[in-house]
K.L.:
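Below is one structure. I have some questions about it.
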Amino acid sequence: MPVVISFVSTKGGVGKTTVAANLGGLLAAFGMKVLEIDADVQPSLSRFFPVHYRSPRGLTAVVTSGGNPSGDCISRTIFSNLDLIYSDTADAGLQSWLNRREDRLMIMRRAMRSPVLESYDVVLIDTQGAVGELQKSAAMAADYMVSPVKPDALSAGEFASGTVAMLDELNRLSDFGASFRSGDLFVLINAHERTVNARVLTQTLRAQFGAGPRVRVLDTVVPSAAAYAGAAMSRIPVHEFDRRRSFPRSAWNVMHALAWELFPALTGRYADGSHGVPSHEVRNRAPLERVA
Ligand SMILES: Nc1ncnc2c1ncn2[C@@H]1O[C@H](COP(=O)(O)OP(=O)(O)OP(=O)(O)O)[C@@H](O)[C@H]1O
Ligand SMILES: [Mg+2]
């Protein structure tokens, strides 16, 4: 069974698609078999990387099959090991379809167990920055969730009142038993500017959620950098766009740190096949526990 990570936030524009796409690109370069699912009705992830095989169907078929997708839902990007289920609904039709289904929260989770997905090591699900049934279904499918937060007051406030509230609601609904629990949520500080404000907000988030049992702030911080938009324009993973090894905040180093934090077994391995001793800070991290 693949490890499933859903990218969620009730706020838009915080970097879900950017991080999901680039993490997928890096993990695929490591040789992991990666499937990216665009579960946003605005299909940004679907267009992020060039596709060399476009399947006849996409997300709609996955959802409306009740989570029993057929193999013809999977497209292939030009990068080896990196496949895609594209978003193909231009409107809220899928959300209202889900609204009518009693098992709506479990549909994406069921899809993750489908034989069609069996060969993948990792599935990354991108969602829309709003509250909706599709987002909740994606959250329930996840072994864990990553929620990028920009360190500004609005984003941090929205994270606490919106995203954490959604997680709490799901877990209340899931009180039936452990197997019905939504995954743990990891906050990723994204687009961090080198300002006092950003530093203070990051510290506040760490103090507020640092040690929580269900919500944790990742050690890796993604700086604000032009490389993220640049790579998206060039349609290549950002670790290929900004490959500076000697600059600690380069996209190459930051994306590796993020991959190592999420997948500790990869620590010290680089996408170009080389190995390196990770920094002290990285080595001392406690591995993330995967939700059973
Ligand atoms: N670390 C970063 N540094 C600079 N710009 C960034 C960074 N991460 C994301 N961006 C930019 O921020 C914008 C929003 O990012 P993105 O589309 O990934 O957010 P999103 O959470 O997926 O938004 P939505 O909720 O609308 O789907 C994009 O223009 C992206 O290039
Ligand atoms: Mg997005």
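No experiment lies behind these values; they were computed from the predicted model shown. Numbers here are sequence positions counted from 1. All ligand and atom numbering here is 1-based and tracks the order in the structure.
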K.L.:
Under the 4.0 Å line, does any protein heavy atom show up next to atom 28 (C) of ligand 1?
P.N.:
no
K.L.:
Taking the basic N atoms (NZ, or NE/NH1/NH2) and the acidic carboxylate oxygens, is any pair closer than 4.0 Å for D126 and K16?
P.N.:
no
K.L.:
If the cut-off is 4.0 Å to any non-hydrogen atom of V222, which atoms of ligand 1 fall inside it?
P.N.:
1 (N)
K.L.:
Identify the two heavy atoms, one from V254 and one from V221, that lie closest to each other, and give their separation to 0.1 Å.
P.N.:
CG1-O, 3.8 Å
K.L.:
May I ask whether P223 has any heavy atom positioned less than 4.0 angstrom from an atom of ligand 1?
P.N.:
yes
K.L.:
In terms of ring plane angle, is the pair F159 and F209 parallel, tilted or perpendicular, where the classes change at 30° and 60°?
P.N.:
perpendicular
K.L.:
Which ligand 1 atoms does G12 reach within 4.0 Å, using its non-hydrogen atoms?
P.N.:
25 (O)
K.L.:
Measure from atom 31 (O) of ligand 1 to every heavy atom in A229, P148, A251 and give the option owning the shortest one.
P.N.:
A229
K.L.:
Could you tell me whether the Mg ion (ligand 2) has an N, O or S atom of Q128 under 2.8 Å away?
P.N.:
no
K.L.:
Taking all atoms of both residues into account, what is the closest heavy-atom pair of L82 and A28, and its distance?
P.N.:
CB-CB, 3.9 Å
K.L.:
Give me the atom names and distance for the closest heavy-atom approach of A142 to S6.
P.N.:
CB-OG, 3.5 Å
K.L.:
Below the 3.5 angstrom mark, is there an N/O of G15, backbone or side chain, next to an N/O of ligand 1?
P.N.:
yes
K.L.:
Is there any N or O on T17 that sits under 3.5 Å from an N or O of ligand 1?
P.N.:
yes
K.L.:
Looking at R101, I'd like to know if its CZ atom is crowded, meaning that more than 12 non-hydrogen atoms belonging to other residues, nucleotides or ligands lie closer than 6.0 Å.
P.N.:
yes
K.L.:
If you have a sec, work out which protein heavy atom is nearest atom 24 (P) of ligand 1 and how many Å separate them, to one decimal?
P.N.:
G13 N, 3.4 Å
K.L.:
Is the closest side-chain heavy-atom distance between I85 and I74 below 4.5 Å?
P.N.:
yes
K.L.:
Are S224 and ligand 1 in contact, using a heavy-atom cut-off of under 4.0 Å?
P.N.:
yes
K.L.:
Tell me, please, whether Y144 has R216 positioned over its six-membered ring: NZ or CZ under 6.0 Å from the ring centre and within 45 degrees of its axis?
P.N.:
no
K.L.:
Applying a heavy-atom cut-off of 4.0 Å, say which part of D40 lies close to ligand 1: side chain, backbone, both or neither.
P.N.:
side chain
K.L.:
Just heavy atoms, cut-off under 4.0 Å: does V19 contact ligand 1 by side chain, backbone, both, or neither?
P.N.:
neither
K.L.:
Looking only at N/O atoms, are Y228 and ligand 1 under 3.5 Å apart anywhere?
P.N.:
no
K.L.:
Check F30 against R269 and note the closest heavy-atom contact, atom names and distance.
P.N.:
O-NH2, 3.0 Å
K.L.:
Mind checking whether L117 and M112 have side chains closer than 4.5 Å, heavy atoms only?
P.N.:
yes
K.L.:
Going through the checks in order, is the salt bridge (charged side-chain N to carboxylate O under 4.0 Å, His left out) test met by R172 and E169?
P.N.:
CA-CA 5 Å; R172 268 198 305 279; E169 183 203 332; 5.9 Å; no
K.L.:
List every atom of ligand 1 that sits less than 4.0 Å from any heavy atom of V14, numbering the atoms from 1 in the order shown and giving each element.
P.N.:
19 (O), 20 (P), 21 (O)
K.L.:
Taking only heavy atoms of A225, which atoms of ligand 1 are found under 4.0 Å from at least one of them?
P.N.:
3 (N), 4 (C)
K.L.:
Does the protein put any heavy atom within less than 4.0 Å of atom 2 (C) of ligand 1?
P.N.:
yes
K.L.:
List the closest protein heavy-atom neighbour of atom 8 (N) of ligand 1: residue, atom name, distance to the nearest 0.1 Å.
P.N.:
N190 ND2, 3.1 Å
K.L.:
Locate the shortest heavy-atom distance separating L94 from T89; write the atom from each residue and the value.
P.N.:
CD2-CG2, 3.6 Å
K.L.:
Got the closest protein heavy atom to atom 25 (O) of ligand 1, with its distance?
P.N.:
K16 NZ, 2.8 Å
K.L.:
In ligand 1, which numbered atoms sit nearer than 4.0 Å to a non-hydrogen atom of T18?
P.N.:
8 (N), 9 (C), 15 (O), 16 (P), 18 (O), 30 (C)
K.L.:
Can a protein heavy atom be found under 4.0 Å away from atom 11 (C) of ligand 1?
P.N.:
no
K.L.:
Ignoring hydrogens and angles, tell me if any N or O in the side chain of H256 forms a donor-acceptor pair with the backbone of L26 under 3.5 Å.
P.N.:
no
K.L.:
Check if A232 has a non-hydrogen atom at a distance under 4.0 Å from any atom of ligand 1.
P.N.:
no
K.L.:
Which atoms of ligand 1 are found less than 4.0 Å from any heavy atom of G129?
P.N.:
25 (O)
